[in-house]
Structure formats: C-alpha cells, structure tokens
Amino acid sequence: MIHRPIYLDCHATTPVDPRVLEAMLPFFTQYFGNAASVGHTYGWEAEAAIQQARATLAEAIQATPEEIVFTSGATEANNLAIKGVAEAYFSQGRHIITVQTEHNAVLDPCRYLQTLGFEVTYLPVQADGLLNLADLEQAMRPDTILVSVMAANNEIGVLQPLADIGACCRSHQVLFHTDAAQAIAKIPLDVQAMQIDLMSLTAHKAYGPKGIGALYVRRQHPRVRLAPQLHGGGQERGIRSGTLYTPQIVGFATAVALGLDEIATETQRLTTLRESLWQTLQELPDIHLNGHPLQRLPGNLNLSVAGVDSQALLLGLQPVVALSSGSACTAAKTQPSHVLQAIGRSPELAAASLRFGIGRFNTPPEIDRVATTVIATITSLRGTSPRYQPSEPPLLQIEQ
Ligand SMILES: *Cc1c(COP(=O)(O)O)cnc(C)c1O
C-alpha cells in the first residue's frame, strides 16, 4: 500500500468506523425502502430502523425521539434553528445573541438575518476562549429571542459552560441553541441538565458518515416553535421535508452509541496523547497554546508558532502529517482565523497556527513521529526565515 500521511485533522472530519459501515450496508441494497411508504414491508423496515436510530440519538442527549429532526448535517441544523426561530418568533422580538468564535454556519445565518432587520450581538470571549457569563447577562434585552453558543469550538476545542448559559437563558425566558457538531459523543451532553432548547449535531466528526445530522428541538417546557426552511413531503413533522436517508441515519446513531460506550477510556487516551505532544513541542521556543489548557476537547491542540507562515509549515509537514491551520470551512480564505483574533492573538500569531485533531485511530508512535517532524520542520523554516528573531527571556507574556 502507498504510504499516506498520518491523519491529525479530526476536527475537519473523521473516517467512518468500520463497525458503523457494517451497520449501514444492509440499508443500501436490502432494506432500501422509503420510510414514508406505509403500505408495505420495505417501508416498514426502513421506518423501524429509523425509529430505533432516533431513540438511540435521543437517549444520548436525554431527549425524546420526537424531539430529533434529521438534517443533512450541522450546517443545515444551525440554519434551521436560527432562521426557523427568527421566523417563528419575530413578533416577540428581533434580537439574537451569539459569540464571535462561532462556526460560520452560525455566524452567516445571523448575518443574513441582519439583512432582514434582525439585530445580532456578537459577544467577545476571554483570552482563554471562554464566554464571560456577565457579558451574556448584560447583553440580554426584552426583545432577545435566541442565544446561540457552541458546545465545543472547532479550532481551539474550548468547551463553553453550557449549563451556566442554559440557566441564564432560562431565567430570561430566552431560547438557547447550541452547535454541538464537535461535541457529540466526545463530551457528555444533557439537554435537561443543561437547559438546552435546540442543539445541532452531525455524524461525520464522530466516526459516522458525512451528509447526516440532526437538530434537537425541545417539545416541552418550553415547546419550541420553528418555521420550516425546506417545504415538501412533510417528513419530520413538517419541520424538514425530504426522504429520510436510512443508511446514513443508521450510521449516525451507531457512531454516537459507539462513541458514548467508549467515552471514558477514549477521553483519557486522547488527553494523554495530546499532553505528550504538547509537552514535546514545548522544546521549541516561541510557541503558544491557543485556548483554555484544560477546558477543551481531549483530542484538540491548537498552537501559534512565531516566525513561520502556517501555509509553508503545512506544506512542509504534509508528506508526514495531514493537519490544518484552522477551520476547513474557512481554510480557503487567506485571512487569519476569526477565532484566534477573538482570543486576542496578533494577526501574525493568528496567521501562524497549527490545529492538531487527534482521533480514535491515532497511536502513540504516530504522535511521537509527528512531534519529531513538527520540531524539525519549524526549526528549519525558522532558520531560513528573515522574519524570525528568537525572543530573549523574559518574553512578552501572552500566555493565559
Ligand atoms: C463541522 C462543523 C459544522 C458543519 O457541520 P456539517 O455537518 O459539515 O455541515 C458546524 N459547526 C461546527 C462547530 C463544526 O465543527
């Protein structure tokens, strides 16, 4: 087999776990029916599999099966949540609160709503990437209808205090949406304890297939109203029309169930790998950790490396290791990451970042090899870079 680079880009996507693929396969060729065909066994088989998947996913987040609406992924779920709430509640208010470090699949629907006359507050974050609850409290207005704060950041892995945010929203009677694309099956999520009203999920960041996700929509205390964004056959209680994609739905639920089964051991294993990588890379001078050191996804390490261009660095590393400087969705743009700028990184350090996403199939020898390669590549690039001047201690203290 041709040698391929070590994959450390698990925030962009993950491979499908072979156990997930196995569960999906019969639903392509054998049980291929349309779940909406109510008159024969092909339809019933698909419907039964989907009901089971819905129950598995609901249980994973302490919801009920009726509260799960399948979508094509987290982008669609975020759009449905934000635009769907805006359209259903605009007579009550037109103010939405979100955070500067959100994924573009949250920021762009918010910007779109501004063109329709909604007002959006984009809250800043602290230097560690966490939202300050006092800022949220202060931003609440009588006409606020929705707060959208992500569970886990896709660049710096920071985990927002969902339960505190949920409590704040509930006390103001404002709906709380969270984009949990990076969090599902990685950290515990409980829509009851965290008082979450809407939650976006996707399968492909958690060893499930691409093209499938879900929106959790609370049906009690309070019952969330949502204006559909896709109209048609009336599937998913009219909230999201379109023939349900049985194999992907089965794969999604299988992936989430497997992830939760293994969450304790995997969290520990990934944290150990991440810490060992960070420990080794600190041999390099002028390298900075982005985001809170502990309150982050176990497989996430995000660093700014002074004096190197991250594109040159990624190119130098790519024969050995596949990783990104930041979000895959914004990687095509040459602008420095909006997340790193929001945590106060200079444009230079924001443009010189490396995002390591360690996953289920990475091994300790792979991480050792990556550490050695990263050190050698940075040292060599700095040696030829006129921009790099080693800083003398004491260094300007920008670590949090
Ligand atoms: C990947 C990602 C998305 C987009 O999810 P898709 O299922 O690919 O549409 C949205 N939000 C966050 C935080 C993500 O990491």
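Note: hydrogens, waters and symmetry copies are ignored here, and every other heavy atom, side chains too, is used. Atoms within a ligand are numbered from 1 in the order they appear, just like the ligands themselves.
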Side chain, backbone, both or neither: the part of [X] lying under 4.0 Å from ligand 1 by heavy atom:
X: Ala181; value: side chain
X: Lys210; value: neither
X: Lys205; value: side chain
X: Thr75; value: both

Backbone or side chain, does any N or O of [X] fall under 3.5 Å from an N or O of ligand 1?
X: Asn154; value: no
X: Gln182; value: yes
X: Ala74; value: yes
X: Glu76; value: no

**Asked** On the ring face of Phe356, is Arg274 found with NZ or CZ under 6.0 Å from the centre and within 45° of the axis?
**Response**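 Verdict for Phe356: no cation-pi partner in Arg274.
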
**Stacked cation flag Arg225 on Tyr89, 6.0 angstrom / 45 deg** =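 Satisfied, under 6.0 Å and within 45°.
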
**Asked** Can you find a pair of side-chain heavy atoms, one from Asn153 and one from Val339, that are under 4.5 Å apart?
**Response**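 Yes, close enough: below the 4.5 Å cut-off.
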
Considering only heavy atoms of [X], which atoms of ligand 1 have at least one such atom less than 4.0 Å away?
X: Gly73; value: 7 (O)
X: Met150; value: 13 (C)
X: His204; value: 6 (P), 7 (O), 8 (O)

**Message:** Is it true that Thr144 and His95 share a donor-acceptor pair across their side chains at a distance under 3.5 Å?
**Reply:**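 There is such a pair between these side chains.
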
**Request:** Indicate whether the side chain of Glu47 and that of Gln51 have a donor and an acceptor atom separated by less than 3.5 Å.
**Result:**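 A donor-acceptor contact under 3.5 Å links the two side chains.
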
**Prompt:** Under 4.0 Å between a Lys/Arg side-chain N and an Asp/Glu carboxylate O for Arg269 and Glu266?
**Reply:**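 The answer is yes: the pair qualifies as a salt bridge.
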
**Request:** Determine, considering heavy atoms only, which of Asn153, Asn104, Asp179, Val106 sits nearest to atom 11 (N) of ligand 1.
**Result:**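 Among Asn153, Asn104, Asp179, Val106, the closest heavy atom to atom 11 (N) of ligand 1 belongs to Asp179.
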
**Message:** So, applying salt bridge (Lys or Arg N to Asp or Glu O under 4.0 Å) with Arg54, which one of Glu67, Glu66, Glu236, Glu59 is it?
**Reply:**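 Of the listed options, the one satisfying the test is Glu236.
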
**Request:** For residues Tyr31 and Tyr42, establish whether the separation of their ring centroids is below 6.0 Å.
**Result:**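 When the ring centroids of Tyr31 and Tyr42 are compared, they turn out to be at least 6.0 Å apart.
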
